[in-house]
**Student:** 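Below you'll find the structure I mean.
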2 protein chains.
Amino acid sequence: MRTRRKSEAIDSVSEGRVGNAPQNTGSNQRRRQNEILDAAAKVFAERGYYGASTQDIANVLGIRQASLYYYFSSKEIALELVCMKGVEGFFEAASEVAAKKISASEKVRGLVEAHLTPLLDRADFVKTFLNERQYLPPASRKKVGKLSRAYERVIEKVIAEGIANGEFRKGLDPRLMTLALLGMCKSVASWLGKEDAYAVPKVSQEYARILLGGIANSGR
Amino acid sequence: MRTRRKSEAIDSVSEGRVGNAPQNTGSNQRRRQNEILDAAAKVFAERGYYGASTQDIANVLGIRQASLYYYFSSKEIALELVCMKGVEGFFEAASEVAAKKISASEKVRGLVEAHLTPLLDRADFVKTFLNERQYLPPASRKKVGKLSRAYERVIEKVIAEGIANGEFRKGLDPRLMTLALLGMCKSVASWLGKEDAYAVPKVSQEYARILLGGIANSGR
DNA sequence: ACCGGATTCTATAGATCAATAGATAGATCG
DNA sequence: CGATCTATCTATTGATCTATAGAATCCGGT
């Protein structure tokens, strides 16, 4: 069924309760919700939002497909939550780096590292955010996009700052540079773990170096 | 229906005939096939392979869903053809650049340009190749992956060559650098047309400059 | 041991999807 | 004018998908 809504099931995300389940005495429910989200993230990251069925998610958990709906009122809401968890932290981490009293170059290093580090422990959420957010319903996409754009603006500002203080070259376009940085980093999610010679610390170090100094042999 | 096959419909791609249609007197059929492919590419690029229905493709063309099967025996084959058309040319164009008698730096510039230029007139095919090839059935994925890896090797070789002749710095990892270049370029497909301040020539010039010299203000 | 809420299950609705079968309109050519 | 080929149509099949309804089970507290 594509669109049908009549019960009092909660459709939007609010106060951690997502769906029509009553709150529990302890935090068991919250814990279980996170397990379900983990499974959803895994399946979304692996097969894409439309390629993944709610049945697939249930299979990961070893429960029945319908049982998912005790926790989530729709597949779309699950996607929204996974995407939010995939993007949240990016803005904060980047803001922290940007606020530090270090050179713009060092900030760029920090930004790359901050972008790649979440791949270590939340890869499925990050990948889903990066690749599947386009399939969110408009309202959710707006919410996620807002966070996303704020994050981009932090990066742009660091670049602009570096240009202003002479650290970066004059003609550089902050927006285009931001897109370049994000593009480079985004693609890491797709091959990390497959290209097993490369782990996050090495990649972030090397990528930052490329962005800052290029590949040319300027030394000696 | 997911898997059903019993008629003599042609399942694999061979000699331009894809499906069970008899060949035409003229090239009308070939032309029509390309129109259908264009529509499929458009829809795949827009909504993803699983997010796009054969009905969507038919709607673009103004014909009935079932009519598509006169030209293509399955949705998967259409995806394979779109992906092949999206990747074909990359290897050749890159090989041409690599064979030129120019410096490695100029080759990198040429490689970036060669990667971004197809976005001008085949954006939907390229996007589908980049984002949807993962959903190909194993046999097709292998075929596409082969071309894809050959392309990557051309880039790696240019980088390695530049390191060997001292143009690029010593510690540089050709594979990682290739992934960086491809990542940067791949992401362009997702925002080109939306970030309307940037067109392909400007982007490829700027991206090549970032890769080669970085963003640092080394001059003066 | 029992009660009541929490959680999962069975069963099914209703919709959509890819693909097939066969009919039919249109063109081409004798 | 009739025959054949081309391209599209109508109609349908069977699978699969999201979501709902309501029954069954589990489990902690008393």
Side-chain angles (χ1 to χ4, degrees), chain A residues 1-11 17-36 39-40 43-44 47-79 135 137, chain B residues 1-11 17-36 39-40 43-44 47-79 135 137:
Chain A
M1 197 167 303
R2 265 286 153 92
T3 51
R4 204 169 10 136
R5 304 265 65 187
K6 67 182 162 195
S7 80
E8 69 286 20
I10 294 170
D11 291 295
R17 242 175 100 257
V18 184
N20 42 11
Q23 55 267 47
N24 200 348
T25 56
S27 60
N28 278 345
Q29 160 139 7
R30 187 69 57 87
R31 216 181 307 128
R32 188 61 169 151
Q33 262 181 23
N34 283 332
E35 285 173 15
I36 311 248
V43 172
F44 289 161
R47 309 142 93 108
Y49 177 68
Y50 285 116
S53 67
T54 54
Q55 181 66 66
D56 294 332
I57 301 173
N59 287 344
V60 170
L61 295 158
I63 63 177
R64 301 283 162 166
Q65 175 261 345
S67 303
L68 295 171
Y69 286 81
Y70 178 67
Y71 295 96
F72 302 102
S73 58
S74 77
K75 191 186 172 191
E76 276 177 348
I77 291 226
L79 178 63
Y135 303 122
Chain B
M1 198 166 303
R2 265 283 152 88
T3 49
R4 204 170 11 137
R5 305 268 59 192
K6 68 181 163 198
S7 81
E8 70 285 20
I10 294 168
D11 291 294
R17 241 176 100 257
V18 183
N20 42 12
Q23 55 269 44
N24 201 350
T25 55
S27 59
N28 278 346
Q29 161 139 6
R30 187 68 56 89
R31 217 180 306 129
R32 187 62 170 151
Q33 263 182 24
N34 283 332
E35 286 173 15
I36 311 247
V43 172
F44 289 162
R47 308 142 92 111
Y49 177 68
Y50 286 117
S53 68
T54 54
Q55 181 65 66
D56 294 332
I57 301 173
N59 287 345
V60 170
L61 295 158
I63 62 176
R64 302 282 162 171
Q65 176 260 345
S67 304
L68 294 171
Y69 287 81
Y70 179 68
Y71 296 95
F72 301 102
S73 57
S74 75
K75 192 186 171 190
E76 277 177 347
I77 292 224
L79 178 64
Y135 303 122

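Atoms considered below: every heavy atom in the structure, side chains included; atoms not considered: hydrogens, waters and symmetry mates. Just so it is clear, the model here is predicted, and its values are computed rather than measured. So that the names make sense, note that chain A is the first sequence line, chain B the second, and so on, each numbered from 1.
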**Student:** Within this structure, what is the CG-CZ distance for the pair A:Leu79 and A:Phe72, rounded to the nearest 0.5 Å?
**Tutor:**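 Spacing of CG (A:Leu79) from CZ (A:Phe72) equals 11.5 Å.
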
**Student:** Ignoring the backbone of B:Arg32, work out which of C:dT7, D:dT8, C:dC17 is nearest its side chain.
**Tutor:** D:dT8

**Student:** Can you give me the closest heavy-atom contact between B:Ala52 and B:Phe44, atom names plus distance?
**Tutor:**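 Reported closest heavy-atom pair: CB-CD2, 3.9 Å.
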
**Student:** Would you kindly give the CD-to-P distance between B:Glu35 and D:dA7, to the nearest whole Å?
**Tutor:**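 Taking atom P of D:dA7 as the reference, CD of B:Glu35 is at 11 Å.
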
**Student:** Provide a list of protein-nucleic acid N or O atom pairs under 3.5 angstrom, restricted to nucleotides 10-12 of chain C.
**Tutor:**
residue	atom	partner	partner atom	Å
C:dT10	OP2	A:Arg64	NE	2.9
C:dT10	OP2	A:Arg64	NH1	3.4

**Student:** If you compare all heavy atoms of A:Ser74 against all heavy atoms of A:Ile77, which two are closest, and at what distance to 0.1 Å?
**Tutor:** OG-N, 3.1 Å

**Student:** Please report, rounded to the nearest Å, how far the C1' atom of D:dT10 is from the CD atom of B:Gln55.
**Tutor:**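 Checked: the CD to C1' distance equals 13 Å.
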
**Student:** Provide a list of protein-nucleic acid N or O atom pairs under 3.5 angstrom, restricted to nucleotides 22-24 of chain D.
**Tutor:**
none

**Student:** Calculate the interatomic distance between B:Lys75 atom NZ and D:dT16 atom P; express it in whole Å.
**Tutor:**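 The distance from NZ of B:Lys75 to P of D:dT16 comes to 15 Å, rounded to the nearest Å.
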
**Student:** Could you tell me which residues satisfy salt bridge (charged side-chain N to carboxylate O under 4.0 Å, His left out) with B:Arg47, sequence neighbours excluded, listed by chain and number?
**Tutor:**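 By the salt bridge (charged side-chain N to carboxylate O under 4.0 Å, His left out) rule, B:Arg47 matches B:Asp56.
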
**Student:** Measure the distance from OH on A:Tyr50 to P on C:dA15 and round it to the nearest whole Å.
**Tutor:**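 Nearest whole value for this atom pair: 18 Å.
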
**Student:** With a 3.5 Å distance limit and no angle check, can you tell me whether B:Tyr49 reaches the backbone of B:Glu76 through a side-chain donor-acceptor pair?
**Tutor:** yes

**Student:** Mind checking what makes salt bridge (charged side-chain N to carboxylate O under 4.0 Å, His left out) contact with B:Glu35, not counting sequence neighbours?
**Tutor:**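 If we apply the salt bridge (charged side-chain N to carboxylate O under 4.0 Å, His left out) test to B:Glu35, skipping adjacent residues, the hits are B:Arg32.
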
**Student:** Let me know the distance between CD1 of A:Ile36 and P of C:dT7, rounded to the nearest Å.
**Tutor:** 10 Å

**Student:** What closest approach, in Å, do A:Ala39 and A:Leu61 show between heavy atoms, and which atom pair accounts for it?
**Tutor:** CB-CG, 3.7 Å

**Student:** Using the test side chain to side chain contact (heavy atoms under 4.5 Å, CB included), find all partners of B:Thr54 that sit at least two apart in sequence or belong to another chain.
**Tutor:**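 Partners of B:Thr54 by the side chain to side chain contact (heavy atoms under 4.5 Å, CB included) criterion, ordered by chain and then number, come out as B:Gln65, B:Leu68, B:Tyr69, B:Lys75.
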
**Student:** Any chance you could measure A:Asn34, atom CG, to A:Gln29, atom CD, to the nearest 0.5 Å?
**Tutor:**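 Interatomic distance, A:Asn34 CG to A:Gln29 CD, rounded to 0.5 Å: 10.5 Å.
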
**Student:** Just the rounded figure in Å: distance from P of D:dT6 to CZ of B:Arg31.
**Tutor:** 15 Å

**Student:** Taking 4.0 Å as the cut-off, does a side-chain nitrogen or oxygen of B:Thr54 come that near to OP1 or OP2 on C:dA18?
**Tutor:**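 Yes, B:Thr54 has a side-chain N/O under 4.0 Å of OP1/OP2 on C:dA18.
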
**Student:** Mind checking A:Ala52 for me? I need base, sugar-phosphate or nothing, with any heavy atom below 4.0 Å counting as a touch.
**Tutor:** sugar-phosphate

**Student:** If every non-hydrogen atom of A:Ser67 is compared with every non-hydrogen atom of A:Ile63, which pair is closest and at what distance?
**Tutor:**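 Residues A:Ser67 and A:Ile63, closest heavy atoms: CB-CD1, 3.9 Å.
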
**Student:** Could you state the OH-P distance from A:Tyr70 to C:dT7, rounded to the nearest angstrom?
**Tutor:**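 Nearest whole value for this atom pair: 4 Å.
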
**Student:** Calculate the interatomic distance between B:Tyr69 atom OH and C:dT20 atom P; express it in whole Å.
**Tutor:** 8 Å

**Student:** So which protein nitrogen or oxygen atoms get under 3.5 Å of nucleotides 25-27 of chain D's nitrogens or oxygens?
**Tutor:**
none

**Student:** Measure from the side chain of B:Gln29, starting at C-beta and using heavy atoms only, and say which of D:dA7, C:dT20, D:dC9 lies closest.
**Tutor:** D:dA7

